[in-house]
Student: 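Mind looking over this structure? Questions follow.
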Number of protein chains: 2
Amino acid sequence: MAKSTPLPGKNVRGSASGRPIMALLDLLGRRWTLRILWELSAGAQTFRDLQTACDGASPSVINTRLKELREARLVIHSAGEGYQLTSQASELVEKFLTLNDWLDSWARSLK
Amino acid sequence: MAKSTPLPGKNVRGSASGRPIMALLDLLGRRWTLRILWELSAGAQTFRDLQTACDGASPSVINTRLKELREARLVIHSAGEGYQLTSQASELVEKFLTLNDWLDSWARSLK
DNA sequence: TAATGTGCTACTAATATCGAAGCATGCTAT
DNA sequence: ATAGCATGCTTCGATATTAGTAGCACATTA
């Protein structure tokens with residue numbers, strides 16, 4: 001059975017509760033998903049640019065992740081611009097990945 | 001070659017830059033990692049309780065994730081208490097805990 | 001019309017994860 | 001002391017996911 005896109009209200013891998021947080025944790029816990037959101041937070045990218053930015057990850061995975069992110073309305077594709085975050089995703093990435101201070105302190109603590 | 005724990009300053013899957021953000025994205029993008037942090041944010045848990053909370057995920061994966069999280073100093077294990085977040089990890093998880101409004105709006109937008 | 005860019009799909013191989021079983025240690029009650 | 005019981009795992013074959021390479025279809029540009 002093919003893995004389906006985790007969305008609020010649906011059963012997701014590891015939880016049958018339908019709670020949005022579980023869908024989000026499942027979605028973001030797939031390989032390359034966080035990285036893609038991160039790379040797109042810098043601005044719109046074409047499929048190939050995105051692939052390059054992701055250190056040459058397979059097109060098959062990139063494409064699967066983009067499909068999931070589009071179903072989850074976190075990414076949209078527009079002909080001229082390429083792939084970009086929805087405003088909703090921008091908010092998420094802002095909350096989630098504005099971690100500069102935290103990252104510095106994490107890195108220091110591990111030296 | 002076995003997958004190693006992604007840490008700041010090291011080469012991680014998908015990036016040779018050593019940047020802390022890349023280590024974090026790799027670490028958090030592994031299955032169950034986000035979920036474990038989420039479950040532990042409610043308080044310390046024993047290995048088995050954590051496994052139950054994670055809907056019966058395999059002990060092998062849970063154990064691998066816990067090892068990684070301990071190496072990354074995001075989780076500690078104390079004999080009496082079980083597994084728990086470090087203060088650093090708590091700060092990080094704050095980011096998820098403050099997502100309630102975002103999650104509601106995400107869920108609504110997908111109905 | 002040939003070259004280039006873009007967004008993919010198809011396929012096989014490698015890796016990661018699942019799922020069940022079970023082991024070792026340290027309690028605790030009998 | 002010993003028979004449970006909880007905890008923290010380890011092992012292993014089966015299954016699922018991801019990686020990696022090749023190449024197709026369409027559009028634009030030269």
Side-chain angles (χ1 to χ4, degrees), chain A residues 1-6 11-16 22-23 25-40 43-72 75-85, chain B residues 1-6 11-16 22 25-37 39-40 43-72 75-85:
Chain A
M1 175 182 128
K3 187 174 64 172
S4 72
T5 301
N11 288 358
V12 302
R13 199 176 47 185
S15 173
M22 292 302 163
L25 294 178
D26 184 359
L27 188 61
L28 299 185
R30 295 176 180 197
R31 200 164 297 173
W32 294 110
T33 304
L34 285 169
R35 176 67 175 270
I36 287 172
L37 292 176
W38 173 258
E39 296 296 346
L40 288 181
Q45 306 249 43
T46 65
F47 188 94
R48 281 170 193 238
D49 285 348
L50 186 56
Q51 213 194 322
T52 303
C54 290
D55 259 52
S58 316
S60 40
V61 200
I62 299 277
N63 186 40
T64 303
R65 293 296 166 264
L66 285 173
K67 263 183 203 159
E68 292 163 359
L69 289 168
R70 278 185 286 179
E71 284 187 54
V75 162
I76 47 173
H77 183 245
S78 61
E81 312 285 327
Y83 289 95
Q84 58 190 295
L85 299 184
Chain B
M1 172 183 130
K3 187 174 65 170
S4 72
T5 301
N11 288 357
V12 302
R13 199 178 46 189
S15 174
M22 292 302 164
L25 294 179
D26 184 358
L27 189 60
L28 298 185
R30 295 174 180 197
R31 196 170 298 173
W32 296 109
T33 303
L34 285 169
R35 176 68 174 272
I36 287 172
L37 292 176
E39 296 296 345
L40 288 181
Q45 307 249 43
T46 64
F47 188 93
R48 281 171 192 237
D49 286 348
L50 186 57
Q51 212 194 323
T52 303
C54 289
D55 259 49
S58 316
S60 41
V61 201
I62 299 278
N63 187 40
T64 304
R65 293 297 167 263
L66 285 173
K67 264 183 202 157
E68 292 163 1
L69 289 168
R70 277 184 286 180
E71 283 186 55
V75 162
I76 48 173
H77 183 243
S78 61
E81 313 284 328
Y83 289 95
Q84 56 189 293
L85 300 183

Student: Can you give me the closest heavy-atom contact between A/L27 and A/A72, atom names plus distance?
Tutor: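 Nearest pair, atom of A/L27 first, then A/A72: CD2-CB, 3.8 Å.
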
Student: Heavy-atom nearest nucleotide on DNA chain C for B/R13 versus A/D49: which residue maps closer to 5'?
Tutor: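 Result of the comparison: A/D49.
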
Student: For B/F47, which residues count as a ring-ring contact (aromatic ring centres under 6.0 Å, His included) partner, sequence neighbours excluded?
Tutor: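 Counting only residues at least two positions away or on another chain, B/F47 forms no ring-ring contact (aromatic ring centres under 6.0 Å, His included).
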
Student: I'd like to know whether B/L37 forms a side chain to side chain contact (heavy atoms under 4.5 Å, CB included) with B/L69, so could you lay out the CA-CA distance, the side-chain angles of the two residues, the decisive distance to 0.1 Å, and finally the verdict.
Tutor: CA-CA 9 Å; B/L37 292 176; B/L69 289 168; 4.1 Å; yes

Student: Check the distance between C/dA20's C1' and B/I62's CD1 and give it to me in whole angstrom.
Tutor: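 For the pair B/I62 CD1 and C/dA20 C1', the rounded distance is 15 Å.
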
Student: Nearest 0.5 Å, please: how far is CG in A/L28 from OG1 in B/T33?
Tutor: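 Nearest 0.5 Å value for the OG1-CG distance: 12.0 Å.
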
Student: Counting only side-chain nitrogens and oxygens, does B/N63 get under 4.0 Å of the OP1 or OP2 atom of D/dG8?
Tutor: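 It does not, given that no N or O in the side chain of B/N63 lies less than 4.0 Å from OP1 or OP2 of D/dG8.
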
Student: Once you round it to whole Å, what is the distance between P of C/dG22 and CZ of B/F47?
Tutor: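 Checked: the CZ to P distance equals 18 Å.
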
Student: If I take atom CG in residue B/L66 and atom P in nucleotide D/dC9, what distance separates them, rounded to the nearest angstrom?
Tutor: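 B/L66 atom CG is separated from D/dC9 atom P by 8 Å.
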
Student: Between B/K67 and B/E71 (salt bridge meaning N to carboxylate O under 4.0 Å), is one present in this structure?
Tutor: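 Salt bridge between B/K67 and B/E71, a charged N being under 4.0 Å from a carboxylate O: no.
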
Student: Base, sugar-phosphate or nothing for A/R65? Non-hydrogen atoms, less than 4.0 Å.
Tutor: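 Sugar-phosphate contact only.
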
Student: Can you check whether B/G14's main-chain N or O pairs, donor with acceptor, with A/R35's side chain at less than 3.5 Å?
Tutor: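 Answer holds: yes.
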
Student: Provide a list of protein-nucleic acid N or O atom pairs under 3.5 angstrom, restricted to nucleotides 25-28 of chain C.
Tutor:
none

Student: Do you know the tightest heavy-atom contact between A/V61 and A/R31?
Tutor: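 So the two residues come closest at CG1-O, 4.2 Å.
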
Student: Can you give one letter per nucleotide of nucleotides 20-30 of chain D, 5' to 3': B if a protein heavy atom sits under 4.0 Å from the base, S if only from the sugar-phosphate, - if neither?
Tutor: BBB--------

Student: Among residues two or more places apart or on two chains, list those pairs meeting side-chain hydrogen bond (donor to acceptor under 3.5 Å, both in side chains) that have a residue in residues 75-84 of chain B.
Tutor: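 Qualifying pairs, neighbours excluded: B/S78-B/Q84.
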
Student: Enumerate all atom pairs, one protein N or O and one N or O from nucleotides 3-5 of chain D, separated by less than 3.5 Å.
Tutor:
none

Student: Can you check whether A/D26 reaches A/M22 side chain to side chain, under 4.5 Å on heavy atoms?
Tutor: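 No, side chains not in contact.
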
Student: For DNA chain C, which residues in residues 28-36 of chain A have a heavy atom at a distance below 4.0 Å?
Tutor: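 A/R31 - these, ordered by number, are the residues of the stretch whose heavy atoms sit under 4.0 Å from the strand.
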
Student: Return the value, rounded to whole Å, for the distance between atom OH of B/Y83 and atom P of D/dA6.
Tutor: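 Atom OH in B/Y83 sits about 18 Å away from atom P in D/dA6.
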
Student: In whole Å, I'd like the distance from the CG atom of B/D26 to the P atom of C/dA16.
Tutor: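 From B/D26 CG to C/dA16 P: 10 Å.
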
Student: Find the distance between CG (B/L25) and CH2 (A/W32) and round it off to the nearest 0.5 Å.
Tutor: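 B/L25 atom CG to A/W32 atom CH2 measures 10.0 Å (nearest 0.5 Å).
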
Student: Grab the two heavy atoms, one from A/E39 and one from A/Q45, that are nearest each other, plus how far apart they are.
Tutor: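 Where A/E39 meets A/Q45 most closely, the heavy atoms are O-NE2, 3.7 Å.
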
Student: Looking only at heavy atoms, what is the nearest atom pair of B/I36 and B/C54, with distance?
Tutor: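 Looking at all heavy atoms of both residues, the closest pair is CG1-SG, 4.1 Å.
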
Student: Rounded to the nearest angstrom, tell me the gap between atom CG in B/D55 and atom C1' in C/dT17.
Tutor: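 Answer to the nearest Å: 15 Å.
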
Student: Ignoring hydrogens and geometry, is there a side-chain-to-backbone donor-acceptor pair from A/Q51 to A/A57 under 3.5 Å?
Tutor: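 Checking the backbone N and O of A/A57 against the side chain of A/Q51, a donor-acceptor pair under 3.5 Å is found.
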
Student: Which atom names give the shortest non-hydrogen contact between A/V12 and A/A23, and what distance separates them?
Tutor: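 For A/V12 versus A/A23, the nearest heavy atoms are CG1-CA, 3.9 Å.
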
